[in-house]
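One structure below.
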Amino acid sequence: MIPLIGLALGLAAGFLVDVSVPLGLQPYLPIAIVAAMDALFGGFRSLLEGTFDNRVFVISFVSNVLIASLIVWLGDQIGVGSQLSTAVIVVLGIRIFTNVASIRRQLFHA
Amino acid sequence: MPDTSRVTMVRVNATIEQQSRPAPRRLDASMSLLADIAETALDPDYRRVTQARRESEGRAEAEGARSPSRPRWLGSVALALGLLVVGLLISVAAARVQANAGVISAERESLMERIRVASDDADSLQEQVSSLESDIRALESAQLESTSVGEQVAGQMSTLRSAVGTQRVVGPGITVLLNDAPEDWPGRDPDTSDVLDIDLQQVANALWTAGAEAIAINGQRLTPGSAIRQANDIIQVNYRPLSSPYHVSAVGNDQELATKFDQGAGGQWLRAAKREVGIQFEITIEDDDLVLPAGNATLINAVPEEVP
């Protein structure tokens with residue numbers, strides 16, 4: 001329950017409070033969101049499988065976001081930023097789809 | 001037969017080889033990257049940590065002691081914080097995109113406003129040019145009409161101007177109306193225009209051939225410097241954008257013009273275009289006299305060469 005309140009609070013805060021993201025970080029927001037979604041769905045799947053662990057979730061979330069952003073940032077520095085962000089999105093996208101498919105199987109047995 | 005036995009031998013050998021192989025090669029071994037991603041979609045740590053916890057709990061139970069696990073609320077708070085950050089990320093990005101959308105549409109709005117203002121300016125300047133030209137003409141005729149030679153010159157100039165297209169002309173004539181294909185024409189793209197610059201060019205050329213003395217397209221008089229061209233799907237005549245439907249008016253002997261145009265290259269071209277892309281056209285003989293506006297043909301560098 002508390003975690004869901006946290007999620008709702010975060011969503012509300014982003015819309016209500018004008019959080020100014022530094023201009024240099026703005027291009028990495030979408031990538032960070034995809035990485036966060038990957039961690040989110042992974043966490044939900046493990047919850048359904050009964051293997052959820054708070055620590056693993058938080059660590060995987062933080063490291064996912066940081067590493068995804070870092071890869072894209074590094075790519076931007078060497079001129080292949082868009083290609084690397086495509087790579088990140090492909091990998092994370094496959095993971096998200098696999099996790100969501102597993103969640104679907106466990107929820108609906110289909 | 002020796003041949004058959006050898007084949008059997010080979011087959012037996014192959015079977016033995018297959019069975020003795022340590023592990024069958026996976027079909028998708030060459031795509032191990034994708035398979036790995038799909039297999040480890042769920043962080044393997046979840047499984048490992050759970051296993052470790054269960055083992056330690058089992059051991060603790062066996063020892064009869066209370067399991068020395070971390071306080072539960074700490075993990076909950078960490079989880080709540082993590083989810084808070086997730087929500088924050090998503091909403092901040094969404095808010096930023098919305099803010100940018102506002103900026104982009106405002107920019108587009110201001111560009112459109114600038115285009116409108118500039119084209120209004122151009123229109124008013126064009127009007128100014130026309131009124132100044134008519135002033136010049138009035139002054140010229142006032143000057144020339146004082147003498148009989150001058151009157152003759154004025155008549156000549158007027159004829160020449162009419163021929164070149166820098167003076168309004170009145171006379172009988174025909175109008176060729178061109179319009180885009182009907183809505184239900186198969187394969188019609190509503191975003192593009194079906195009448196092309198080449199159609200108007202062909203019509204204008206055919207009208208000259210049929211004996212037209214003056215031509216205007218949607219009020220743009222064709223002069224020696226006129227161009228009929230297309231820029232980004234918009235037809236421009238005299239560098240002024242026009243839109244469909246297109247009225248091509250020509251002054252001349254109306255009956256002759258209509259017949260010659262219809263039976264000549266113009267009619268042929270339009271009928272072919274109607275068949276191919278469905279453009280609609282209509283040739284009408286004007287009952288009243290046509291009035292064609294003056295165009296612009298200013299010479300800046302060219303000067304008449306003196307005839308020896």
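In what follows, chains carry the letters A, B, and so on, assigned in the order in which the sequence lines appear, proteins first and then strands, with residues in each chain numbered from 1. These numbers come from the heavy atoms of this one structure, side chains and all, not from hydrogens, waters or symmetry mates.
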Heavy-atom distance under 4.5 Å to chain B: side chain of A:F52, backbone, both or neither?
->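 For A:F52, heavy atoms of backbone and side chain both lie under 4.5 Å from chain B.
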What part of A:F57 is in contact with chain B, defined as an atom under 4.5 angstrom from a non-hydrogen atom: side chain, backbone, both or neither?
->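 Both backbone and side chain of A:F57 come within 4.5 Å of chain B.
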Is it the backbone or the side chain of B:T50 that comes under 4.5 Å from a heavy atom of chain A, or both, or neither?
->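 B:T50 touches chain A through side-chain heavy atoms alone.
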Proximity breakdown for B:R54 and chain A, heavy-atom pairs closer than 4.5 Å =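 The side chain, not the backbone.
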Can you name the residues of residues 42-51 of chain A that have some heavy atom under 4.5 Å away from a heavy atom in chain B?
->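 Listed by number: A:G42, A:G43, A:R45, A:S46, A:E49, A:G50, A:T51.
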Atom CZ of B:R116: over 12 foreign heavy atoms under 6.0 Å =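 Atom CZ in B:R116 is packed in, count exceeds 12.
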Within a reach of under 6.0 Å around CZ of B:R47, are more than 12 heavy atoms found that belong to other residues, nucleotides or ligands?
->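 Counting other residues, nucleotides and ligands, CZ of B:R47 stays at 12 neighbours or fewer.
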If you look at every heavy atom in B:S91 and A:G10, which pair is closest and at what distance?
->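 Looking at all heavy atoms of both residues, the shortest contact is OG-O, 3.4 Å.
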Do you know which two heavy atoms are closest between B:Y46 and A:S60, and how far apart they sit?
->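 B:Y46 and A:S60 have their closest heavy atoms at OH-OG, 4.2 Å.
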Pairs of heavy atoms under 4.5 Å with chain A: top-ranked of [options]:
{"options": "B:G87, B:A94, B:A93, B:G82", "result": "B:G87"}
{"options": "B:V86, B:V97, B:D45, B:T40", "result": "B:V86"}
{"options": "B:A80, B:A41, B:A95, B:A38", "result": "B:A41"}

Within a strict 4.5 Å, meaning less than it, do heavy atoms of the B:L81 and A:V58 side chains meet?
->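 Contact flag for B:L81/A:V58 side chains = no.
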Would you compute the distance between atom [atom1] of [X] and atom [atom2] of [Y] and round it to the nearest 0.5 angstrom?
{"X": "A:D53", "Y": "B:D43", "atom1": "CG", "atom2": "CG", "result": "11.0 Å"}
{"X": "B:L88", "Y": "A:L9", "atom1": "CG", "atom2": "CG", "result": "9.5 Å"}
{"X": "B:L79", "Y": "A:R55", "atom1": "CG", "atom2": "CZ", "result": "13.5 Å"}
{"X": "B:L89", "Y": "A:L40", "atom1": "CG", "atom2": "CG", "result": "11.0 Å"}

Looking at A:I59, A:T98, A:I94, A:V56, which makes the most heavy-atom pairs under 4.5 Å with chain B?
->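 Highest number of heavy-atom pairs under 4.5 Å: A:V56.
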